[in-house]
Engineer: 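Below: one structure in structure tokens.
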Amino acid sequence: MCSYLPIFRSFNRTRGGLIQLNQGKPEALQYATNAAFLATLFSDYLDASSTPGWYCGPNFFPTRVLRNFAKTQIDYILGKNPQRMSYVVGFGSHYPKHVHHRGASIPKNNVKYTCKGGWKWRDSSNPNPNTIIGAMVAGPDKYDGLRDVRNNYNYTRPTLAGNAGLVAALVSLSAHDRDDGKTTAAVIDKNTIFSAVPPMFPLRHRLHHDGNHNISFYK
């Protein structure tokens, strides 16, 4: 978690603020979305443990720092970036129109095509005939640049790993989207979701005698 914070400079960021968890290589968004989810999940765990924050070395950080990190990454993906482009297809009015996706790029005309038969649409400069709404593309390069071309999957390919992370991050952030820091919904069940996770601090063991039995408690 500490490495996600800009103060430690464990990872570079683009000028627009996108963290480069893959060291500047292509398709950075899938890493950013999963990091956003993990940061918010850990924040929820701290809250469920009644722990206001965590330490990175001698420095203490409140849980809202993790949520703020997650929010900046998702905001970038949804259009708060130098391109002013949403990298989620169908969100807003400016998003990639040449997604590297067979179902989105081949027209629905009741004709079956071989794998190689679909290449003519892959290499076409025309926008996709089918809009794959909700799909997050691979994303920009380390200079915040994106080429909306279908035949370069480094920019326009949607992946399961990336979109799974995006959905998880959006769900985990949905309870923390108010400026006053208050939650808008009960997103996690504190009694079950973290029950298998070891506690943040050692538990104290004590015995209680009810008159007939010695009962063990943990506090």
Side-chain angles (χ1 to χ4, degrees), residues 1 3-4 11 13-14 16-22 25-48 63-81 83-105 128 130-141 144 146 148 150 153-179 181-197:
M1 293 298 117
S3 67
Y4 294 161
F11 296 99
R13 281 168 165 74
T14 67
L18 179 66
I19 192 169
Q20 298 289 285
L21 292 169
N22 61 338
K25 296 178 182 178
E27 304 188 63
L29 294 190
Q30 60 182 312
Y31 302 96
T33 56
N34 283 282
F37 165 59
L38 291 175
T40 312
L41 182 67
F42 185 59
S43 175
D44 285 340
Y45 171 58
L46 293 175
D47 286 346
T63 55
R64 69 174 181 274
V65 172
L66 286 173
R67 295 189 190 114
N68 288 341
F69 158 75
K71 188 174 184 299
T72 61
Q73 299 307 296
I74 299 303
D75 284 347
Y76 182 102
I77 292 167
L78 295 179
K80 196 174 182 180
N81 56 65
Q83 296 286 335
R84 296 187 178 181
M85 172 184 283
S86 166
Y87 297 126
V88 176
V89 177
F91 184 83
S93 59
H94 185 39
Y95 53 84
K97 303 295 195 303
H98 302 79
V99 182
H100 184 93
H101 186 276
R102 184 175 293 271
S105 58
N128 287 350
N130 310 307
T131 303
I132 182 168
I133 295 177
M136 182 188 74
V137 299
D141 56 31
D144 293 308
L146 182 134
D148 186 10
R150 193 178 299 108
Y153 62 82
N154 285 330
Y155 292 107
T156 56
R157 175 172 62 177
T159 63
L160 291 176
N163 282 273
L166 175 66
V167 171
L170 290 172
V171 170
S172 61
L173 281 170
S174 65
H176 308 287
D177 58 358
R178 286 176 51 165
D179 292 336
K182 295 181 179 179
T183 58
T184 58
V187 173
I188 63 170
D189 182 351
K190 296 181 181 180
N191 295 319
T192 59
I193 189 171
F194 298 119
S195 60
V197 181

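We're numbering straight along the sequence, starting at 1.
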Engineer: Give the intermediate values and the outcome of side chain to side chain contact (heavy atoms under 4.5 Å, CB included) for residues Val167 and Phe37.
Structural biologist: CA-CA 9 Å; Val167 171; Phe37 165 59; over 6 Å; no
Engineer: Give me the atom names and distance for the closest heavy-atom approach of Asn130 to Gly103.
Structural biologist: ND2-O, 2.9 Å
Engineer: Counting only pairs under 3.5 Å, give me each side-chain donor-acceptor contact of residues 84-93, with atom names and distances, residues two or more places apart or in other chains.
Structural biologist:
from: Ser86; atom 1: OG; to: Val88; atom 2: N; distance (Å): 3.2
from: Ser86; atom 1: OG; to: Val88; atom 2: O; distance (Å): 3.0
from: Ser86; atom 1: OG; to: Phe91; atom 2: O; distance (Å): 3.2

Engineer: Locate the shortest heavy-atom distance separating Asp148 from His98; write the atom from each residue and the value.
Structural biologist: OD1-N, 3.0 Å
Engineer: At what distance, to the nearest 0.5 angstrom, does CG of Leu78 lie from CE of Met136?
Structural biologist: 10.0 Å
Engineer: If I compare all heavy atoms of Ala36 with all of Ala70, which pair ends up nearest, and what's the gap?
Structural biologist: O-CB, 3.4 Å
Engineer: How many angstroms lie between atom CG of Leu38 and atom OH of Tyr45, to the nearest 0.5 angstrom?
Structural biologist: 14.5 Å
Engineer: Can you name the nearest heavy-atom pair linking Leu21 to Tyr31, along with the distance?
Structural biologist: CD1-O, 3.4 Å
Engineer: Is the number of heavy atoms from other residues, nucleotides or ligands under 6.0 Å of Arg102 CZ greater than 12?
Structural biologist: yes
Engineer: For the residue pair Thr14 and Pro140, establish whether any side-chain heavy-atom pair is separated by less than 4.5 Å.
Structural biologist: no
Engineer: Enumerate the side chain to side chain donor-acceptor pair (under 3.5 Å) contacts for residues 153-164, please, sequence neighbours excluded, ordered by first and then second residue.
Structural biologist: Glu27-Arg157, Asp141-Tyr155
Engineer: Taking all non-hydrogen atoms of both residues, which atom of Thr33 and which atom of Gly162 are closest, and how far apart?
Structural biologist: OG1-O, 3.3 Å
Engineer: Do side-chain atoms of Gln30 reach the backbone of Ala164 as a donor and acceptor pair under 3.5 angstrom?
Structural biologist: no
Engineer: Please say whether the positively charged group of Lys97, taken as NZ for Lys or CZ for Arg, lies over the ring of Tyr95, i.e. under 6.0 angstrom from the six-membered ring centre and within 45 degrees of the axis.
Structural biologist: yes
Engineer: Measure from the side-chain N and O atoms of Thr63 to the backbone N and O of Ser43, and report whether any donor-acceptor pair falls under 3.5 Å.
Structural biologist: no
Engineer: Might you work through the side chain to side chain contact (heavy atoms under 4.5 Å, CB included) test for Ile74 and Leu170, ending with a clear yes or no?
Structural biologist: CA-CA 8 Å; Ile74 299 303; Leu170 290 172; 3.7 Å; yes
Engineer: Just to verify, what does Asn128 make a side chain to side chain donor-acceptor pair (under 3.5 Å) with, not counting sequence neighbours?
Structural biologist: Arg150
Engineer: What is the minimum heavy-atom distance between Thr40 and Ser172, and which atoms define it?
Structural biologist: CG2-O, 3.3 Å
Engineer: Would you mind reporting whether Gln73 and Asn34 have side-chain heavy atoms less than 4.5 Å apart?
Structural biologist: no
Engineer: Answer whether the closest heavy-atom distance between the side chains of Ile19 and Tyr76 falls below 4.5 Å.
Structural biologist: no
Engineer: Judged by atom type as modelled, is there a donor-acceptor pair below 3.5 Å linking the side chain of Gln83 to the main-chain atoms of Asp144?
Structural biologist: yes
